[in-house]
Amino acid sequence: MNPLLSAEQAVLGSVLLDPGQLAHLDWLAPDHFYRPVHQALFAALRKLRTDGHPALATKEPVPLSWVTDAVDEAGHHVRGLTAVYAHILISACPRPQHAPVYGRMVLEGAIHRSVTEHAIRLHQAARADALQGQVEGALHHADVLAGVLGDLARRWGSEPSPVAPATPPSPAPVAPPPVRADQVAEDEQFLLAVLVERPKAMDEVVGWLRPGDFADPAHGQLYRCLGALHHRGEPIDRITVLWEAQRRGLLADGTLTAEQLTAICDGVGAGSAEWLGEQIMRSSVTRTAAASARVIRALAENETLAPGRLINHALHALGPLDEVRARWQTANSHPAPAPPPTAPPTEESPAARVHAALARSTPQPAARSSEHPGPASRPSAARPPSRTHGWTVLTH
């Protein structure tokens with residue numbers, strides 16, 4: 001038995017049995033449900049409540065019309081829904097008064113689903129940019145994912161805060177696109193040759209290019225040797241570089257060979273170090289974005305991870321990309337983007353979050369069927385309009 005499917009059925013069954021339970025589920029939206037038929041039925045139940053269905057005002061047991069009208073309304077948006085399935089939902093609900101707890105389970109599943117989908121989109125954008133030698137798509141989807149994580153945290157009733165997981169996930173490594181991998185390796189070798197030939201060119205890249213930006217670890221270590229010589233003010237040529245590599249144990253452990261060093265140091269050294277460094281940074285941005293996306297997807301697919309921890313761990317996984325992005329902007333003389341303005345809180349926003357948090361943590365007494373709940377309130381978005389378009393799973 002699928003726990004998420006059972007939770008979705010139990011939520012709907014509880015509302016069909018007791019329409020007053022909708023008053024405790026204002027923080028739950030139709031798009032939080034995984035099955036389209038469940039989305040349509042929950043939206044229909046909310047519409048009947050907003051329209052003031054007679055079942056909400058009667059003191060008698062819930063009339064059959066509450067069920068049949070909900071099925072008819074949902075049938076306008078989805079096929080295959082019958083009154084028989086509605087009664088199956090009713091029988092799947094152990095206790096109608098537990099509806100807020102069932103709703104929390106549905107929301108947890110929606111959060112994991114949303115993070116997974118946006119992580120996949122970020123990874124796809126990063127791979128596409130890597131093939132094209134671009135970074136814009138990956139950075140855009142990283143912004144969207146960060147915005148979604150912030151929205152999810154607030155909908156869950158918490159504040160987003162990057163937290164490192166105790167045990168980092170181990171996503172399967174993905175090789176870079178072979179065509180671009182050859183080009184990136186050539187750019188790295190060319191840059192190193194330029195820096196050996198013209199040591200003063202180090203001043204053009206040392207402020208923002210790091211050893212970790214090189215796709216080939218051996219090239220990164222060689223760049224580290226050049227940086228050390230530059231930092232100490234020592235001369236740079238193929239002999240001093242070879243000596244520095246030996247002092248760091250790179251020859252002994254096989255990271256580099258004397259032949260590799262000679263081939264790089266004696267290569268053609270006429271070129272723009274700044275331009276070549278920017279090409280390497282492009283590769284570093286897309287490679288880091290893809291790595292962050294894989295980590296976040298691995299986190300989201302861990303069903304044992306609570307939503308609050310998932311969100312905070314995912315934000316932490318975006319940290320390396322933020323650092324590389326900042327240096328990429330420095331390399332291109334682009335100022336760092338100003339943080340988006342925070343939307344002013346509305347009067348109902350804090351109350352809605354408190355209500356959602358309380359509904360998740362403590363069972364609410366069942367509402368009397370005679371009570372006429374007010375119109376459902378929707379949690380206000382806490383991020384600017386530029387972020388809300390990234391919310392594709394939980395809100396439309």
Side-chain angles (χ1 to χ4, degrees), residues 126 129-130 133 135 138 168 173-176 180-267 269 271-292 294-295 317-332:
D129 278 356
V135 299
V174 178
R180 287 297 303 173
D182 294 341
Q183 182 62 53
V184 170
E186 183 178 332
D187 289 341
E188 292 179 356
Q189 293 175 355
F190 198 0
L191 173 63
L192 293 171
V194 168
L195 295 178
V196 173
E197 179 68 21
R198 296 191 297 107
K200 290 185 177 180
M202 282 291 297
D203 293 327
E204 301 176 15
V205 298
V206 72
W208 41 266
L209 188 64
R210 300 288 181 268
D213 294 324
F214 289 76
D216 189 329
H219 293 162
Q221 290 299 328
L222 183 53
Y223 178 73
R224 190 183 299 277
C225 293
L226 293 169
L229 293 170
H230 178 269
H231 178 72
R232 297 197 300 263
E234 298 180 359
I236 296 178
D237 58 35
R238 63 185 182 88
I239 300 299
T240 60
V241 172
L242 180 62
W243 185 260
E244 182 68 22
Q246 176 180 279
R247 291 177 59 188
R248 292 174 175 269
L250 302 180
L251 301 180
D253 63 13
T255 300
L256 287 168
T257 65
E259 290 74 17
Q260 286 177 310
L261 281 171
T262 301
I264 292 175
C265 294
D266 291 344
S272 170
E274 184 177 12
W275 185 87
L276 289 167
E278 289 179 4
Q279 305 313 303
I280 295 172
M281 281 298 303
R282 288 177 186 272
S283 172
S284 180
V285 169
T286 55
R287 192 168 60 253
T288 305
S292 295
R294 293 196 300 272
V295 170
L318 287 175
L321 178 57
D322 293 337
E323 190 271 337
V324 174
R325 179 181 193 167
R327 290 189 287 104
W328 160 253
Q329 291 166 342
T330 301
N332 288 270

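Just so it is clear, the values below take in all heavy atoms, side chains as well, and ignore hydrogens, waters and symmetry mates.
- Thr286 places no side-chain N or O within 3.5 Å of a backbone atom of Asp129 that could act as its donor or acceptor partner.
- Across Ala126 and Ala290, no two heavy atoms sit closer than the pair CB-N, 3.8 Å.
- With rounding to the nearest 0.5 Å, the separation of CD1 in Ile236 from NZ in Lys200 is 12.0 Å.
- In this structure, the side chains of Asn332 and Met281 stay at 4.5 Å or more apart for every pair of heavy atoms.
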Go through it in stages, so that I can follow the logic: the residues are Val206 and Leu226, the test is side-chain contact (heavy atoms from CB on, under 4.5 Å), and I'd like the CA-CA distance, side-chain angles, deciding distance and then a yes or no.
CA-CA 10 Å; Val206 72; Leu226 293 169; over 6 Å; no
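- To the nearest 0.5 Å, the span separating CG on Asp216 from CD on Gln221 amounts to 10.5 Å.
- Remark: Ile264 CD1 to Glu259 CD distance equals 12.0 Å, nearest 0.5 Å.
- The minimum heavy-atom distance between Glu204 and Glu274, with the atom names listed, is OE1-N, 3.3 Å.
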Stepwise side-chain contact (heavy atoms from CB on, under 4.5 Å) check, Arg224 with Arg210:
CA-CA 8 Å; Arg224 190 183 299 277; Arg210 300 288 181 268; over 6 Å; no
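- We find the CD-CG distance between Glu186 and Leu276 to be 9.5 Å, quoted to the nearest 0.5 Å.
- No donor-acceptor distance shorter than 3.5 angstrom exists from the side chain of Ser284 to the backbone of Ile280, with no hydrogens or angles considered.
- Closest approach of Ala273 to Leu195, counting heavy atoms only: CB-CD2, 4.1 Å.
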The test is side-chain contact (heavy atoms from CB on, under 4.5 Å); show your working for Arg282 and Trp328 and say whether it passes.
CA-CA 8 Å; Arg282 288 177 186 272; Trp328 160 253; 3.5 Å; yes
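- Residues Thr255 and Gln260 come closest through the heavy atom pair O-OE1, 4.0 Å.
- Between atom CG of residue Leu229 and atom CH2 of residue Trp243 there is a gap of 12.5 Å, rounded to the nearest 0.5 Å.
- Side-chain atoms of Thr240 come within 3.5 Å of backbone N or O of Pro235 as a donor-acceptor pair.
- Taking the charged nitrogens against the carboxylate oxygens, Arg327 and Glu323 do have a contact shorter than 4.0 Å, which makes a salt bridge.
- Atom CG of Leu256 sits about 12.0 Å away from atom CD of Gln246, to the nearest 0.5 Å.
- In summary, of the residues considered (Leu192, Val241, Leu250), a side chain to side chain contact (heavy atoms under 4.5 Å, CB included) with Leu261 occurs for Val241 alone.
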Could you walk me through whether Tyr223 and Asp213 pass side-chain contact (heavy atoms from CB on, under 4.5 Å), step by step?
CA-CA 10 Å; Tyr223 178 73; Asp213 294 324; over 6 Å; no
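- Listed for the Glu188 side chain is a donor-acceptor partner under 3.5 Å among the backbone atoms of Ala215.
- Below 30°, between 30° and 60°, or above 60°: for His219 and Phe214 the angle between ring planes is above 60°, a perpendicular geometry.
- When all heavy atoms of Cys225 and Glu244 are compared, the pair lying nearest together is CB-CG, 3.7 Å.
- Side-chain contact check for Thr262 versus Thr257: every heavy-atom pair is 4.5 Å or farther apart.
- Annotation for Cys265 and Arg238: closest pair CB-CB, 3.4 Å, computed over non-hydrogen atoms.
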